[in-house]
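A short worksheet on the structure shown next.
Not measured: the values here are computed from a predicted model. First the proteins, then the strands, lettered A, B, ... as listed; each starts at 1. Worth knowing before you read on, the calculation uses all heavy atoms, side chains too, and leaves out hydrogens, waters and symmetry mates.
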Amino acid sequence: LQQTMSKGLWSRPEFRALIALIAASALIGQGQRAGWTRGTTGALANAAAAAARPGHIAVAESGHLVARIGGMLTRDHGSASENEALSLQVARLRAEVAGLRGVEEENKRLRKMLAFSRTTELDLTAAEVLGGSASPWFQSIIIDVGSANDLRPGMAVATHDGLVGQVFRVQSRTADVCLLTDPDSSVSVVDTRSGALGILRGTNGKRLRLSYLSPEADVQRGDELTTSGVGGVFPRGLAAGTVAKLSYDAHTGTALAEVTPSADLENPHEVFVCTGSGGG
Amino acid sequence: LARILFGLAVGFAALSLQPALELWVPFGASPDLVLVWMCVYAVRLGGTQGIALGFAAGTLEGAVVGKSIGAFCASRTLAGWFAVWAGRYLPREGVWSAGLISWGATWVAEGAFLLVSPRVGFSRWIATAGAISLANGVAAMPLAWLVDRVERVTSRGRKMGLGPLRAR
C-alpha cells in the first residue's frame with residue numbers, strides 16, 4: 001500500500017514540481033548562508049531590488065501628495081455646511097493652518113537634525129525614508145541615498161535622537177537599513193552612568209534587549225546607553241536607548257535588560273547616514 | 001498577451017506598494033500583497049505553473065527584502081501548492097473563494113517561514129500571522145474581482161474577433 005501510495009504521489013507532476021522547488025529553495029538558502037552563491041544571489045537580489053525601487057519611490061512620493069490633499073479635503077468638508085462663505089473661508093484657513101502645522105513639525109525635525117549635524121564630528125549624509133521592509137518579520141527601511149552618495153554596507157544610520165540602524169545593502173540611489181529592532185541587529189553599547197558594557201539586540205518588537213552583562217554589572221532602570229565604538233562598526237557616543245526593565249537570565253547567568261530605543265524606529269521620516277568619522 | 005501584461009503589472013504594483021504599506025498601516029496588519037497576487041494567479045494557472053509562480057514570488061520577495069531568500073522561496077512554493085490544491089475544491093472565479101484561499105495560503109506560508117527561519121516567538125507569530133492572513137484574505141477579494149473583470153473583457157473581445165485590447 002505504501003509503495004502504491006508513494007508511486008501514486010510521485011506520478012503527479014505537481015508533487016514532483018513541489019519537491020523539486022522545495023529542494024531548490026533549500027539549496028538557495030544553504031547557498032546564501034554558506035556564501036556559495038554570494039555573487040549570484042547578491043547580484044540577483046540587487047537586480048530585483050533595483051527593478052522594484054522606481055515603484056517604491058513613486059509610491060512614497062504619491063503617498064506624501066495624497067496625505068497632503070486628503071488633509072486639506074477633510075478639513076474643507078467638515079465645516080462647509082454652516083455659513084457658506086464664512087465656513088469656506090474658515091475651512092481654507094484651517095487647511096492652511098494644518099498645512100503650516102505639518103510644515104512646522106517638519107521644520108522642527110529638520111532644525112534638530114541640522115543642530116545634530118552641526119554639533120557632531122561625524123561626516124553625515126541626510127536621507128529621507130521611502131518605505132519599510134517588504135515583510136513584517138524583518139525590521140528595515142529604505143532610504144533615498146545610495147552608492148551615488150558614497151554609501152557602503154555597514155555604515156551607521158541615526159537621527160538627532162540617536163542610533164537607528166545599519167546600512168546592509170546599497171543600490172545606486174537607494175539603500176536598505178537594518179533597524180535596531182531587527183533580530184539580526186547587534187550593537188555594542190556602554191552605560192553612560194556606570195560604564196558597564198553590553199550587547200544590544202533587536203527582538204522584532206518595540207523594545208531592544210541588552211544582554212551579555214555580567215551579573216555584577218551596575219545597570220539601573222533609566223540609565224542611558226550609547227554606542228561603545230567597540231568593533232569599529234558604529235561610531236562611539238551615539239545615543240542608543242534607555243534601560244526600561246531589568247531581569248536575570250538563569251541559562252547564561254547574566255543580567256538582561258529591556259531597552260527603549262532613543263530614536264523613533266516606528267515612524268522615521270528623515271535620517272543621517274554616518275559616512276565617516278569626520279577626522280578623515 | 002493582455003492578460004499576461006496585466007498580471008505582471010499587478011505583480012509589479014504589489015511589489016512597489018509593499019514597503020510603503022508597512023509604514024502606513026498600523027499594528028503591523030498590512031497585507032502581503034505579493035503573496036495575495038501569487039494566490040489569485042496560482043489558482044487561475046493551476047498545476048505546476050501555480051506552484052512555480054509561488055516559487056517565483058518567493059524569490060522576488062526574498063530578493064527585495066535582501067535576506068532569507070531560501071525561506072521565502074520554500075514558504076511561497078508551499079503556499080502556491082496550497083492555492084492550487086484549494087482551487088480545485090472552490091469556485092475558481094469566486095471572490096469569496098479567493099479570500100478564503102489567500103487566508104489559508106498565508107497561514108501555510110507563514111508557518112513554513114517560521115519553521116525555516118524563526119525570527120519571533122510563537123505567540124507573537126500567531127498574532128502577526130493572524131493579522132496578515134486576515135488582511136490578505138480581504139485584499140484578495142477586490143483583486144480577484146478585478147482580475148475576473150479583465151479576463152471577462154479580454155475573452156469577450158476575443159470572441160467578437162476584436163482582439164484583447166479592443167475588447168469593448
Side-chain angles (χ1 to χ4, degrees), chain A residues 12-18 20-33 37 41-42 44-49 51-60 62-63 67 129-142 168-169 176 178 182-184 203-205 266-268, chain B residues 12-24 26 28-30 32-34 46-52 54-55 58-78 80-81 84-85 110 112-114 116-121 124-125 128-129 131-132:
Chain A
R12 289 183 186 173
E14 286 157 29
F15 185 72
R16 287 204 301 264
L18 179 68
L21 291 174
I22 294 285
S25 308
L27 268 178
I28 291 172
Q30 189 56 34
Q32 196 187 15
R33 211 170 296 140
T37 52
T41 46
L44 275 175
N46 280 342
R53 283 299 181 254
H56 295 160
I57 294 168
V59 168
S62 344
V129 177
L130 293 175
S133 164
S135 166
W137 312 119
F138 296 86
Q139 304 289 317
S140 64
I141 51 171
I142 303 165
F168 74 92
R169 186 169 60 175
D176 295 74
C178 178
D182 191 277
D184 291 340
T203 58
N204 228 334
E266 285 187 60
N267 201 10
Chain B
F12 183 74
L15 202 64
S16 303
L17 271 171
Q18 194 63 50
L21 273 185
E22 289 292 329
L23 279 190
W24 294 343
S30 63
D32 186 337
L33 293 179
V34 179
T48 51
Q49 288 176 322
I51 299 169
F55 179 79
T59 312
L60 204 61
E61 224 176 333
V64 170
V65 170
K67 292 174 181 176
S68 303
I69 300 179
F72 274 107
C73 290
S75 60
R76 271 51 182 176
T77 304
L78 278 169
W81 167 80
V84 168
W85 173 79
E110 301 304 358
F113 196 91
L114 178 79
V116 178
S117 174
R119 296 180 64 84
V120 288
R124 193 178 154 84
W125 174 81
T128 311
I132 301 169

Go through the atoms of [X] and report whether side chain, backbone, both or neither lie under 4.5 Å from a heavy atom of chain A.
X: B/Glu110; value: side chain
X: B/Ser117; value: neither
X: B/Val84; value: side chain
X: B/Ala74; value: both
X: B/Trp125; value: both

With a 4.5 Å limit on heavy-atom distance, are the side chains of [X] and [Y] in contact?
X: B/Ser68; Y: A/Trp137; result: no
X: A/Asp182; Y: B/Lys67; result: yes
X: B/Phe55; Y: A/Ile28; result: yes

What closest approach, in Å, do [X] and [Y] show between heavy atoms, and which atom pair accounts for it?
X: A/Asp176; Y: B/Val64; result: OD2-O, 4.2 Å
X: A/Leu21; Y: B/Ala52; result: CD1-CA, 3.8 Å
X: A/Phe168; Y: B/Val65; result: CZ-O, 3.5 Å
X: A/Pro183; Y: B/Arg119; result: CD-NH2, 3.5 Å

message = Using a 4.5 angstrom heavy-atom cutoff, name the option from A/Ala26, A/Gly29, A/Ser135, A/Pro13 with the most pairs to chain B.
response =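 Of the candidates given, the most pairs with chain B belong to A/Ser135.
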key: Heavy-atom pairs under 4.5 Å with chain B, option from A/Ser140, A/Gly205, A/Ser133, A/Ala17 with the top count   = A/Ser133
